[in-house]
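Written out below as structure tokens is the structure these notes cover.
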Amino acid sequence: MKKISIPPLVITLIIVVLSGLVVGLLLYINNQPAPTRGVSPLVIIDAMEPDSEKWGINFPNQYSALLKTKSNDIRTSFGGSQKVDKLAVDPMLVDLFAGYAFSKAYDEDRGHLWALEDVRETLRLNDTTPATCYSCKSSNNPSLWAEMGMAAYDAMKFSEMTPKITQPIGCANCHEANTMRLIVTNPALEEALLAQGKDWKTFTRQEMRSVVCANCHVEYYFKGDGKYLTLPWAGGTTIEEIEKYYDDVAFTDWTHPDSGAAMIKMQHPDFELFSAGSTHYNAGVSCADCHMPYTRDGAAKFSNHDVKSPLIDPSASCGTCHTDVEYVVGRVGVIQQQVNTTMLNTERAIVDAIKAIKLAGEQPGADSALLEEARRLHRSAQLRWDFLAAENSMGFHNPEEALRILATATDYARQAQTKAVQAMAPVSTASK
Ligand code: HEC
Ligand code: HEC
Ligand code: HEC
Ligand code: HEC
């Protein structure tokens, strides 16, 4: 056989071209390709453009669906878009949040376009409220963060920031202009992911369909005097890891006036609960699959940007994967009822613990070490319960994890109550 000799330069060239193709292909798979459109964009959008109406010129379907989040008014058993007063529905919340603003005002969430009005009119605001409270409410934020840096933003007062915030949640909170890539826009999320050694720029498109919601639907706190927006994720995102983080940095939101415990208020940890090994998360289902299902308008197929409860149109939200929509919706009802019953039992246990600790605390000569233990248990019980109470799906996002956490919370609360009773015991025998 005749040997064909290929010059080394050609071989090198072939290798270079082939590996270039492989790298290109990998990048194409890992990074989301820009959505292709039949027609080229009508207008070029400025980077981080806050005004969704301008983006809407290119994408009228997505824009008009976003507008619908303002007019949704359907209430479901445990969710929906009405501004229900949670304190009136469940008066135990007033005792649980005593001494904190959430005992004065706590409403059910509603559509994205309401974010600005709702934060501005809440009774929880006062003169010292930091600008940080605007972090999840407005499409002005990405450009403001880029201009001034998040530290300077967070150091301002809410009222000082108000004139700069003119838009509710919009396109710039989730998309990069023109490429329309889904992006992490909140610096606190980027920092929290980096603290775990994760770079969102390497995430797949399907991962980003959930991570984009984590720009806001996560637990966070305001760090230090600068009220720097921080996600307590450095050690992980389960409730135990979050509790450890807060214990290690000795953070507390407020001191409970009745029990004297150092408390943590949880904020909507939808992403953390969902991603803690739920069936859907493990199966690779994303937030957008259920909350932004594909929809059709004539020939156009697009993601429904009217983000709301999936129970309002379950055939669109669940029907893409489940053939028996009625059955799975029935399961939601059963799960939510069970989680709600368990949650109310947990609340009763915590309220009992608070009363017992208060009583013991008022008694001269009560055992202070036991009282301290009871207060620690109150903190641990309530931050677990609140992880579920502040999460928005009444446990559906991860039923097993919800019930596991509530069971531990009830146990800690009853232990706290027992410790408080024990703390009083020596005094009551002595006084006989
Ligand atoms: C498998 C489907 C599914 C996935 C995936 C999913 N959700 Fe949900 N979500 C639901 C259902 C069902 C409810 C309960 C709605 C109700 O009670 O009306 C809900 C409720 C909510 C609510 C409250 C809605 C309301 O009407 O008050 C928010 C907010 C939410 N989910 C955010 C998220 C986020 C963020 C993610 C991803 C981290 C996510 N969801 C993933 C199905 C899903
Ligand atoms: C809360 C986050 C969020 C907001 C706000 C948002 N989008 Fe999206 N958008 C998404 C998600 C998630 C997808 C699905 C992307 C994917 O599958 O790659 C998407 C997809 C798109 C797409 C690709 C086609 C499609 O519909 O799937 C376009 C175009 C788009 N959005 C335009 C807009 C415009 C214009 C606005 C403002 C009027 C906007 N989006 C606001 C999250 C958002
Ligand atoms: C920029 C911050 C931000 C981003 C990003 C965001 N949300 Fe929200 N979301 C909010 C706020 C704030 C509210 C509550 C608004 C109110 O009650 O005034 C809300 C409300 C909701 C509701 C309740 C709507 C209703 O009608 O009751 C759902 C469901 C929801 N978000 C799901 C999602 C999903 C899914 C994603 C990702 C695709 C997402 N959100 C991304 C901030 C955000
Ligand atoms: C993108 C696909 C997808 C969507 C959308 C989806 N699911 Fe699922 N769901 C799955 C997969 C995959 C499983 C895992 C079990 C299986 O293979 O059937 C599952 C399992 C379930 C289960 C059984 C849970 C368990 O622990 O065994 C229920 C209940 C359920 N889904 C309800 C819903 C509801 C309600 C909706 C709409 C709000 C919904 N799903 C939307 C893919 C989906």
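Atoms within each ligand, like the ligands themselves, are counted from 1 in listed order. Worth knowing before you read on, the calculation uses all heavy atoms, side chains too, and leaves out hydrogens, waters and symmetry mates.
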[X] heavy atoms, cut-off 4.0 Å: which ligand 2 atoms fall inside?
| X | value |
| --- | --- |
| Gly170 | 5 (C) |
| Leu66 | 38 (C) |
| Arg205 | 16 (C), 17 (O), 18 (O) |

Salt bridge check: are [X] and [Y] linked by an N-O gap of less than 4.0 Å?
| X | Y | result |
| --- | --- | --- |
| Asp248 | Lys244 | yes |
| Glu372 | Arg375 | yes |
| Lys355 | Asp258 | no |
| Lys157 | Asp127 | no |
| Glu147 | Lys164 | no |
| Arg404 | Glu240 | yes |
| Glu373 | Arg376 | no |
| Glu117 | Lys70 | yes |

Which of the numbered atoms in ligand 1 are below 4.0 angstrom from a heavy atom of [X]?
| X | value |
| --- | --- |
| Asp109 | 25 (C), 27 (O), 29 (C) |
| His217 | 29 (C), 35 (C) |
| Ser286 | 5 (C) |
| His280 | 1 (C) |

Problem - Distance-only N or O hit between ligand 4 and His322, under 3.5 Å - result: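 In this structure, His322 places an N or O atom under 3.5 Å from an N or O of ligand 4.
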
Handout entry: ligand 4 to Arg331 polar contact by distance, N or O atoms, under 3.5 Å
Key =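 Min N/O separation from ligand 4 is not below 3.5 Å for Arg331.
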
Handout entry: Part of Val307 with heavy atoms under 4.0 Å of ligand 2, whether side chain, backbone, both or neither
Key =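 Under 4.0 Å from ligand 2, Val307 contributes no heavy atoms.
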
With side chains defined as the heavy atoms from C-beta onward, is the minimum distance between [X] and [Y] less than 4.5 Å?
| X | Y | answer |
| --- | --- | --- |
| Asp107 | Asp118 | no |
| His280 | Phe396 | yes |
| Tyr245 | Tyr221 | yes |
| Leu66 | Ser52 | yes |
| Asp154 | Phe222 | no |

Could you check whether [atom] has a protein contact, counting only heavy atoms that fall below 4.0 angstrom?
| atom | result |
| --- | --- |
| atom 31 (N) of ligand 4 | yes |
| atom 40 (N) of ligand 4 | yes |
| atom 23 (C) of ligand 4 | no |
| atom 16 (C) of ligand 4 | no |

Is any N or O atom of [X], backbone or side chain, closer than 3.5 Å to an N or O atom of ligand 2?
| X | value |
| --- | --- |
| Lys301 | no |
| Trp55 | no |
| Ser303 | yes |
| His112 | no |

Give yes if a backbone or side-chain nitrogen or oxygen of [X] is under 3.5 Å from a nitrogen or oxygen of ligand 1, and no if not.
| X | result |
| --- | --- |
| Ser309 | yes |
| Lys308 | no |
| Glu108 | yes |
| Cys213 | no |

Handout entry: Stepwise side chain to side chain donor-acceptor pair (under 3.5 Å) check, Ser286 with Asp289
Key = CA-CA 5 Å; Ser286 72; Asp289 286 319; 3.1 Å; yes

Problem - His397 atom NE2 and His291 atom NE2 as seen from atom 8 (Fe) of ligand 1, angle to 10 degrees - result: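 Vertex at atom 8 (Fe) of ligand 1: approximately 180°.
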
Practice task
Out of Thr76, Asn392, Asn215, indicate the one that has the non-hydrogen atom closest to atom 28 (C) of ligand 1.
Solution key: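 Among Thr76, Asn392, Asn215, the closest heavy atom to atom 28 (C) of ligand 1 comes from Asn392.
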
Problem - Shortest protein contact, atom 3 (C) of ligand 4 (heavy atom only) - result: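 For this ligand atom, the closest protein heavy atom is Cys321 SG, 2.7 Å.
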
Practice task
Mark the output for His268 as yes if a heavy-atom distance to ligand 1 is under 4.0 Å, and as no if none is.
Solution key: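 Judged by the 4.0 Å heavy-atom criterion, His268 does not count as contacting ligand 1.
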
Exercise for the section: For atom 8 (Fe) of ligand 4, decide whether Cys290 has an N, O or S atom at a distance under 2.8 Å. Expected result: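 No, since none of the N, O or S atoms of Cys290 sits under 2.8 Å from atom 8 (Fe) of ligand 4.
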
Practice task
Output yes if Cys318 passes the N/O/S-under-2.8 Å test against atom 8 (Fe) of ligand 4; output no otherwise.
Solution key: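 Within the cut-off used here (under 2.8 Å), Cys318 places no N, O or S atom near atom 8 (Fe) of ligand 4.
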
Handout entry: Proximity of Ala283 to ligand 4 by residue part, where a heavy atom lies under 4.0 Å
Key =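 Looking at Ala283 and ligand 4, just side chain atoms fall under 4.0 Å.
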
Problem - ligand 4 contact on Thr320 by region, counting heavy-atom pairs under 4.0 Å - result: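 Side chain only.
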
Problem - Atoms of ligand 4, numbered as shown, that sit under 4.0 Å from any heavy atom of Val332 - result: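 By the 4.0 Å cutoff, the relevant atoms are 35 (C).
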
Handout entry: ligand 4 atoms in contact with Ser317 (distance to a heavy atom under 4.0 Å)
Key =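 That gives atoms 5 (C), 37 (C), 41 (C) of ligand 4.
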
Exercise for the section: Output the atom name for the N/O/S atom of His175 with the smallest distance to atom 8 (Fe) of ligand 2. Expected result: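 Answer by atom name: NE2.
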
